[in-house]
Trainee: 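Below you'll find the structure I mean.
Note that the numbering runs from 1 along the sequence shown for the chain. Please read all numbers here as calculations on a predicted model, not as lab measurements.
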Amino acid sequence: MSLAIVHSRAMIGIEASAVLVEIHLANGLPAFNLVGLPDLEVKESRERVRAALAVCGFEFPNQRITVNLAPADLPKSSGLFDLPIAIGILAASGQLPLEQLNHFEFAGELGLSGELRSIRGALGMAWAAQAANRTLILPAASAAEAALLSSASVLSATHLMQVCRHLLGSDLLPIAQPLAIDAQPAMLDLSEVKGQQQAKRALEIAAAGRHSLLLIGPPGTGKSMLAQRLPSLLPDMSELEALEAARIQSLGKERLDASRFGVRAYRAPHHTASAVALVGGGSVPQPGEISLAHHGVLFLDELPEFDRKVLEVLREPLESQKIHIARAAHSTIFPADFQLIAAMNPCPCGFLGHPKKACRCTPDQVARYL
């Protein structure tokens with residue numbers, strides 16, 4: 001019987017919780033059991049790991065394999081446990097040394113050929129690995145993101161064989177290098193707007209005092225154009241603010257654009273967005289638009305068209321600058337320090353006060369709309 005323990009992380013909100021991947025090999029009928037509250041994506045790792053080890057020329061143990069993801073009450077999702085499971089099986093079967101495993105943390109999705117694919121939340125994992133004083137080994141695409149945290153020790157790999165050679169001491173992995181960051185990223189600037197002196201003055205006051213702002217006017221008067229240029233008026237982000245915002249953005253489906261690291265976010269959800277899309281949620285909580293706009297701007301165009309319940313959920317985040325999402329399996333807190341900008345028409349038809357088009361709304365309809 002053999003036992004190997006590999007360190008990894010599970011993303012719960014923005015927190016990268018420590019997970020011990022325990023692999024036990026025992027005599028008996030060949031089997032591959034995965035326990036520890038894994039979801040479907042994690043359970044499928046059995047086939048990915050089996051195929052990757054075979055293609056890379058390793059011997060897959062013909063024994064009873066039990067993989068435990070501890071702690072057992074912590075939900076585990078995504079394919080990031082493929083790499084630690086594969087390393088653990090090789091170490092438990094004597095194909096890799098056990099001694100060095102305690103100094104590293106592993107995360108990465110495996111392809112059937114053994115290639116390593118990117119994962120979400122790499123920056124948060126680097127943050128936690130640094131606190132634990134361990135070196136983090138990640139796929140190359142995700143390692144560049146994690147390397148934005150300069151004080152963390154992150155190694156980059158593109159294939160399972162590279163990780164194995166590093167653990168054997170024959171060929172060391174390179175230290176991850178962050179992607180190039182634009183010195184002057186392209187931004188829409190207020191100087192490009194001709195006229196609109198009153199509205200531009202309002203934007204400057206809102207930027208200076210971090211006030212919320214509502215722009216009211218007929219279609220085509222430049223409400224959205226002005227709102228898009230508010231981030232150019234805001235001060236540069238500190239390194240801590242940039243890292244906080246990047247940790248959240250790395251969890252989103254769009255992933256983190258490392259070339260725009262330190263640039264304030266501008267989020268403009270459509271008015272059909274649901275309350276969950278705005279504040280975040282899901283069985284495994286994911287950040288919503290208000291958290292993705294952390295230290296940036298949230299723009300709500302056509303404000304009256306948003307559902308009333310959707311707008312009501314903004315009350316607490318605007319006051320507390322965070323959102324607490326509670327689910328039956330787990331709860332988490334996402335930061336939501338954003339600046340709210342909204343735009344709307346002055347009446348249902350939109351042409352109240354328009355110099356050329358007549359408004360057809362009654363005074364009662366206008367009052368009700370406002």
Side-chain angles (χ1 to χ4, degrees), residues 1-26 28 30-53 58 60-61 63-93 95-96 98 100-111 116-122 124-129 131-132 134-139 142 146 157 160 163-164 167 251 282-286 327-332:
M1 293 188 297
S2 299
L3 177 68
I5 298 177
V6 181
H7 296 275
S8 188
R9 297 277 168 181
M11 295 304 301
I12 305 297
I14 62 170
E15 300 299 326
S17 301
V19 173
L20 290 180
V21 181
E22 303 172 325
I23 293 91
H24 179 249
L25 305 183
F32 194 157
N33 298 315
L34 192 58
V35 297
L37 207 58
D39 69 359
L40 184 60
E41 292 176 339
V42 181
K43 290 179 180 178
E44 290 175 344
S45 67
R46 292 178 294 191
E47 305 307 321
R48 291 194 294 269
V49 169
R50 189 193 303 270
L53 292 181
F58 292 106
F60 192 83
Q63 295 174 277
R64 186 176 184 84
I65 304 173
T66 302
V67 177
N68 179 40
L69 307 176
D73 62 343
L74 188 71
K76 289 88 177 178
S77 61
S78 83
L80 65 89
F81 295 104
D82 291 1
L83 179 58
I85 290 174
I87 295 297
I89 290 175
L90 293 175
S93 60
Q95 300 177 72
L96 286 179
L98 285 167
Q100 295 191 49
L101 295 183
N102 193 50
H103 303 294
F104 298 97
E105 292 186 5
F106 303 85
E109 180 181 335
L110 279 175
L116 292 175
R117 294 172 178 162
S118 63
I119 57 172
R120 289 193 291 179
M125 292 181 185
W127 198 298
R134 293 194 187 94
T135 298
L136 182 62
I137 296 180
L138 289 173
S142 300
L160 175 62
V163 181
C164 295
L167 295 175
L251 296 174
S283 56
V284 177
Q286 295 293 315
R327 294 294 182 265
H330 198 78
S331 64
T332 188

Trainee: Show your reasoning for whether side chain to side chain contact (heavy atoms under 4.5 Å, CB included) applies to M11 and R120.
Mentor: CA-CA 8 Å; M11 295 304 301; R120 289 193 291 179; over 6 Å; no

Trainee: Take S17 and E15 through the test side chain to side chain donor-acceptor pair (under 3.5 Å) and record every step on the way to the result.
Mentor: CA-CA 6 Å; S17 301; E15 300 299 326; over 6 Å; no

Trainee: Could you check V21 against V67 for side chain to side chain contact (heavy atoms under 4.5 Å, CB included), going step by step and ending with a plain yes or no?
Mentor: CA-CA 7 Å; V21 181; V67 177; 4.0 Å; yes

Trainee: Are the side chains of P139 and R117 in touch, meaning some heavy atoms are under 4.5 Å apart?
Mentor: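 With C-beta onward as the side chain, the pair stays apart.
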
Trainee: I need the minimum non-hydrogen distance between L110 and L160, along with the two atoms involved.
Mentor: CD2-CB, 4.1 Å

Trainee: Could you grab the distance from atom CG of L69 to atom CG of L37, nearest 0.5 Å is fine?
Mentor: 9.5 Å

Trainee: Can any side-chain N or O of T66 pair as donor or acceptor with the backbone N or O of H24 at less than 3.5 Å?
Mentor: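 Side chain of T66 to backbone of H24, a donor-acceptor pair under 3.5 Å: no, none is there.
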
Trainee: For a 4.5 angstrom cut-off between non-hydrogen side-chain atoms, does I119 reach S78?
Mentor: no

Trainee: Between D39 and V42, is there a donor-acceptor pair closer than 3.5 Å when you use the side chain of the first and the backbone of the second?
Mentor: yes

Trainee: Does atom CZ of R64 have more than 12 heavy-atom neighbours from other groups under 6.0 Å away?
Mentor: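 Counting other residues, nucleotides and ligands, CZ of R64 stays at 12 neighbours or fewer.
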
Trainee: Please find the pair of heavy atoms, one from L136 and one from A129, that lie closest to each other, and give the distance.
Mentor: CB-CB, 4.2 Å

Trainee: Tell me, do I89 and F32 make a side-chain contact under 4.5 Å, heavy atoms counted?
Mentor: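 I89 reaches F32 side chain to side chain.
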
Trainee: What are the two closest heavy atoms between L251 and G13, and how far apart are they?
Mentor: CD1-O, 3.0 Å

Trainee: Can you name the nearest heavy-atom pair linking L98 to A4, along with the distance?
Mentor: CD2-CB, 3.6 Å

Trainee: Test your reading of the model: is there a side-chain donor-acceptor pair from K76 to the backbone of A10, 3.5 Å cut-off?
Mentor: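 Such a contact is absent between K76 side chain and A10 backbone.
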
Trainee: Please lay out, stage by stage, how L80 and M125 fare under the test side chain to side chain contact (heavy atoms under 4.5 Å, CB included).
Mentor: CA-CA 11 Å; L80 65 89; M125 292 181 185; 3.4 Å; yes

Trainee: Would you name the heavy atoms of A92 and S2 that are closest together and state the gap between them?
Mentor: O-CB, 2.8 Å

Trainee: Indicate yes or no: at least one non-hydrogen side-chain atom of N102 is less than 4.5 angstrom from one of H7.
Mentor: yes

Trainee: Looking only at heavy atoms, what is the nearest atom pair of A132 and E105, with distance?
Mentor: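 Nearest pair, atom of A132 first, then E105: CB-OE2, 4.0 Å.
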
Trainee: Is there a side-chain contact between F58 and C164 (heavy atoms, below 4.5 Å)?
Mentor: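 Yes; the side chains approach each other to less than 4.5 Å.
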
Trainee: Show your working on side chain to side chain contact (heavy atoms under 4.5 Å, CB included) between L116 and E109 and close with a plain yes or no.
Mentor: CA-CA 6 Å; L116 292 175; E109 180 181 335; over 6 Å; no

Trainee: For the atom pair CG (L167) and NE2 (H103), what is the distance rounded to the nearest 0.5 Å?
Mentor: 11.0 Å

Trainee: Less than 4.5 Å apart, any side-chain heavy atom of F81 and any of L34?
Mentor: no

Trainee: Answer yes or no: is there a donor N or O on one side and an acceptor on the other, between the side chain of T135 and the main chain of F104, under 3.5 Å?
Mentor: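 Judged by distance alone, no pair lies under 3.5 Å.
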
Trainee: Are any non-hydrogen side-chain atoms of I65 and I23 less than 4.5 angstrom apart?
Mentor: yes

Trainee: Could you tell me the separation between the CD1 atom of I12 and the OG atom of S331, rounded to the nearest 0.5 Å?
Mentor: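 So the gap between those two atoms works out to 10.5 Å.
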
